[in-house]
S.K.: 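Dropping a structure here in structure tokens format, bear with me for questions.
Every chain is numbered from 1, with letters handed out A, B, ... down the list of sequences.
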There are 2 protein chains.
Amino acid sequence: MTQSKTDLRVLRTRKLIMDSFIELSGQKEFKDITVKDITTEAMINRATFYYHFQDIYDLLEKVLSEVLLVDLNDSIYEKSELNEESIIRIFTAITNFQKSLSNRCHRGYEDTISRIIREHLEIVFYKMLLKQHNMKEDAALKTTAVILSWGIYGASVEWRKSSMDKSPEEFIKLSIPYIIFGITLDSKN
Amino acid sequence: MTQSKTDLRVLRTRKLIMDSFIELSGQKEFKDITVKDITTEAMINRATFYYHFQDIYDLLEKVLSEVLLVDLNDSIYEKSELNEESIIRIFTAITNFQKSLSNRCHRGYEDTISRIIREHLEIVFYKMLLKQHNMKEDAALKTTAVILSWGIYGASVEWRKSSMDKSPEEFIKLSIPYIIFGITLDSKN
DNA sequence: TTAGATTTGTCGTATATACAACACATTGAA
DNA sequence: TTCAATGTGTTGTATATACGACAAATCTAA
């Protein structure tokens, strides 16, 4: 505890490991990536890997969180208005992310990926809802955020499954009025 | 002396420093690059830099050697025939290198760069000459290698000074017959 | 010129990492 | 099945690196 914040070596090593994992993810499937592969690419001793991560699934989780977090933070938080534009942005960020990373991952870890994405989405939606309604805390908004996160994530799964020919934007655009104005919206509007 | 060869940390650190230096060389002039800049980019403590390199000029020298060495090794050594094709390749490697790195460097260190390039060229030419003539060692070939290294390097300087509109290939091609067959070559040939 | 700021190069101490070795699990071919 | 090979996770010890501090050199502006 004599060190001030975080040792530069720690930051560097974590970055090297994560970058290498992302790099390798572009070359082969998650299930074929070994700890040795990662540490070789990162020029790190294998034992050092275990100093920072419990195992390779722990690494997966942290990389996903971090990459997602950056994607979402960059494009959304500043604006902090939950409107058509920001929903499209969030949805696009997710589909981009799925195209670039989660596709490659081992079957069976889609659950992990799905959970992480939804958790982050929930946080983002909740914060935006709070600002929009000028509130400190609210159970209704929290639940609404949960619903939105599952819903939007589900839409991205559906898009990937059956509508990758459409752009994410046009896919989600149709439903946005129902999200914003509710399901009683007059469809002739 | 208990370690077998070279500590992975050493290899990694050297690579990080060199890569960072090359990266920074693309962003600003050599004379504006500080040790702090490099170590920040490399995520290395400044003191560690001095553990590996005497100073920034020592780094420059080693980076130049290494980059050049790779360029020349990759494209030439395998073939090991000193003919029109390989001379063009070597000349192109040098001009590429000059375009990418040495241009950006501080005036006054062109001498260093020039020396390093010529030293490497000399080694390459000497090895190729030895193979071509099936010899073990020979003073005449050594001197010939010196002449070739200065000559080819000088040609690259001239190209840079006055003929960058031509491709390196067409620039050097005209003189290759005189190199291969000597200055008594019948020009009508 | 002077004075403030930046950069260089070095040092001692604390710690993250390398290395080698280990037992155990998983895989794949005979 | 069995055996060999490969991957996982852990440990103790040696060492490269981080950190903070320092004096001296170099740069910059007033």
Side-chain angles (χ1 to χ4, degrees), chain A residues 1-25 27-63 66 104-109 112, chain B residues 1-25 27-63 66 104-109 112:
Chain A
M1 296 301 150
T2 49
Q3 291 307 0
S4 51
K5 287 199 162 182
T6 310
D7 195 305
L8 185 52
R9 286 172 290 190
V10 171
L11 299 175
R12 191 208 316 132
T13 298
R14 292 218 171 108
K15 177 169 159 46
L16 287 170
I17 291 176
M18 289 185 163
D19 287 351
S20 299
F21 176 68
I22 291 174
E23 169 63 23
L24 286 174
S25 296
Q27 299 174 15
K28 45 179 159 178
E29 289 195 26
F30 176 78
K31 73 176 194 309
D32 295 326
I33 298 176
T34 71
V35 173
K36 183 69 187 152
D37 291 338
I38 296 169
T39 56
T40 300
E41 170 84 17
M43 296 183 76
I44 293 288
N45 191 279
R46 203 166 56 83
T48 306
F49 177 92
Y50 292 100
Y51 182 87
H52 293 281
F53 303 96
Q54 204 142 5
D55 53 32
I56 204 172
Y57 307 114
D58 183 36
L59 171 63
L60 170 64
E61 189 148 339
K62 282 171 177 158
V63 168
E66 202 140 304
R104 311 182 179 116
C105 289
H106 189 27
R107 294 167 304 283
Y109 296 99
T112 302
Chain B
M1 294 301 145
T2 50
Q3 292 307 0
S4 51
K5 287 199 163 185
T6 310
D7 195 306
L8 184 53
R9 286 172 289 190
V10 171
L11 298 175
R12 189 207 317 132
T13 298
R14 291 217 170 109
K15 177 168 158 49
L16 287 171
I17 291 176
M18 288 186 163
D19 287 351
S20 299
F21 176 68
I22 291 174
E23 169 63 22
L24 286 174
S25 296
Q27 298 173 16
K28 45 179 159 178
E29 289 197 23
F30 176 77
K31 71 176 194 312
D32 295 326
I33 298 176
T34 70
V35 173
K36 183 67 188 153
D37 291 337
I38 296 168
T39 56
T40 300
E41 171 83 18
M43 297 184 76
I44 294 289
N45 190 278
R46 203 166 55 83
T48 305
F49 176 93
Y50 292 101
Y51 183 87
H52 294 280
F53 303 96
Q54 203 141 6
D55 52 33
I56 205 172
Y57 306 113
D58 183 35
L59 170 64
L60 170 64
E61 188 148 339
K62 282 169 177 159
V63 167
E66 202 141 302
R104 312 181 179 114
C105 288
H106 188 28
R107 292 168 306 283
Y109 295 100
T112 302

S.K.: Using only side-chain N and O atoms of B:T13, determine if any of them is under 4.0 Å from OP1 or OP2 of D:dT17.
M.R.: yes
S.K.: Quick one: pull up NE2 in B:H52 and CE in B:M18 and give me the separation to the nearest 0.5 Å.
M.R.: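 It comes to 10.5 Å.
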S.K.: Rounded to the Å, how far apart are A:N45 CG and D:dG9 P?
M.R.: 15 Å
S.K.: Say you draw a straight line from OG1 of B:T13 to CZ of A:R9; how long is it, rounded to the nearest 0.5 Å?
M.R.: 10.5 Å
S.K.: Between P on D:dT15 and CG on B:D7, what's the gap in Å once rounded to a whole number?
M.R.: 10 Å
S.K.: Using a cut-off of strictly less than 4.0 Å, decide whether A:Y51 has a side-chain nitrogen or oxygen near OP1 or OP2 of C:dT17.
M.R.: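 Answer is no, no contact under 4.0 Å.
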S.K.: Find the distance B:L8:CG to C:dA20:P and express it as a whole number of Å.
M.R.: 11 Å
S.K.: Send over the distance from A:F30 CZ to D:dG7 P, rounded to a whole Å.
M.R.: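 Result: 15 Å.
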S.K.: Please round to the nearest 0.5 Å and tell me the distance separating atom CD of A:E23 and atom CD1 of A:I38.
M.R.: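 Result: 12.0 Å between the selected atoms.
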S.K.: B:F53 has an atom CZ; how far is it from atom P of D:dT17, in whole Å?
M.R.: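 From B:F53 CZ to D:dT17 P: 11 Å.
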S.K.: Indicate for each nucleotide in nucleotides 24-29 of chain C, in 5' to 3' sequence, whether protein heavy atoms under 4.0 Å reach the base (B), only the sugar-phosphate (S), or nothing (-).
M.R.: ------
S.K.: Can you measure A:L16 atom CG to D:dA16 atom C1' for me and round it to whole angstrom units?
M.R.: 15 Å
S.K.: Measure the shortest side-chain to side-chain distance between A:M43 and A:L16 over non-hydrogen atoms and say whether it is less than 4.5 angstrom.
M.R.: no
S.K.: I need the minimum non-hydrogen distance between A:D32 and A:D37, along with the two atoms involved.
M.R.: O-OD2, 3.5 Å
S.K.: Can you tell me if A:H52 touches the phosphate of C:dA16, counting only side-chain N or O atoms and a distance under 4.0 Å to OP1 or OP2?
M.R.: no
S.K.: Please determine whether any donor N or O and acceptor N or O are separated by less than 3.5 Å between the side chain of A:R9 and the base of D:dT17.
M.R.: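 Flag set: donor-acceptor pair detected.
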S.K.: In terms of the angle between their ring planes, are A:Y57 and A:F30 parallel, tilted or perpendicular, with boundaries placed at 30° and 60°?
M.R.: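 The rings of A:Y57 and A:F30 sit tilted, inter-plane angle from 30° to 60°.
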S.K.: Rounding to a whole Å, what distance do you find between A:I17:CD1 and C:dA18:P?
M.R.: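 Rounding to the nearest Å, CD1 of A:I17 and P of C:dA18 are 9 Å apart.
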S.K.: Give the C-alpha distance, both sets of side-chain angles, the deciding distance and a yes or no for side-chain contact (heavy atoms from CB on, under 4.5 Å) between A:L24 and A:Q27.
M.R.: CA-CA 5 Å; A:L24 286 174; A:Q27 299 174 15; 3.8 Å; yes
S.K.: Measuring from atom CG of A:D58 to atom CZ of A:F49, what distance do you get when rounded to the nearest 0.5 angstrom?
M.R.: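 Rounded to the nearest 0.5 Å, the CG-CZ separation comes to 7.5 Å.
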S.K.: Classify every nucleotide of nucleotides 6-11 of chain C by which part a protein heavy atom approaches to under 4.0 Å, writing B for the base, S for the sugar-phosphate alone and - for neither, in 5'-to-3' order.
M.R.: --BBBB
S.K.: Using atom CZ of B:R12 as one end and atom C1' of D:dT17 as the other, report the distance to the nearest whole Å.
M.R.: 9 Å
S.K.: Heavy atoms only: give me the nearest B:I56-B:I33 pair and the separation to one decimal.
M.R.: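 Shortest heavy-atom contact: CD1-O, 3.3 Å.
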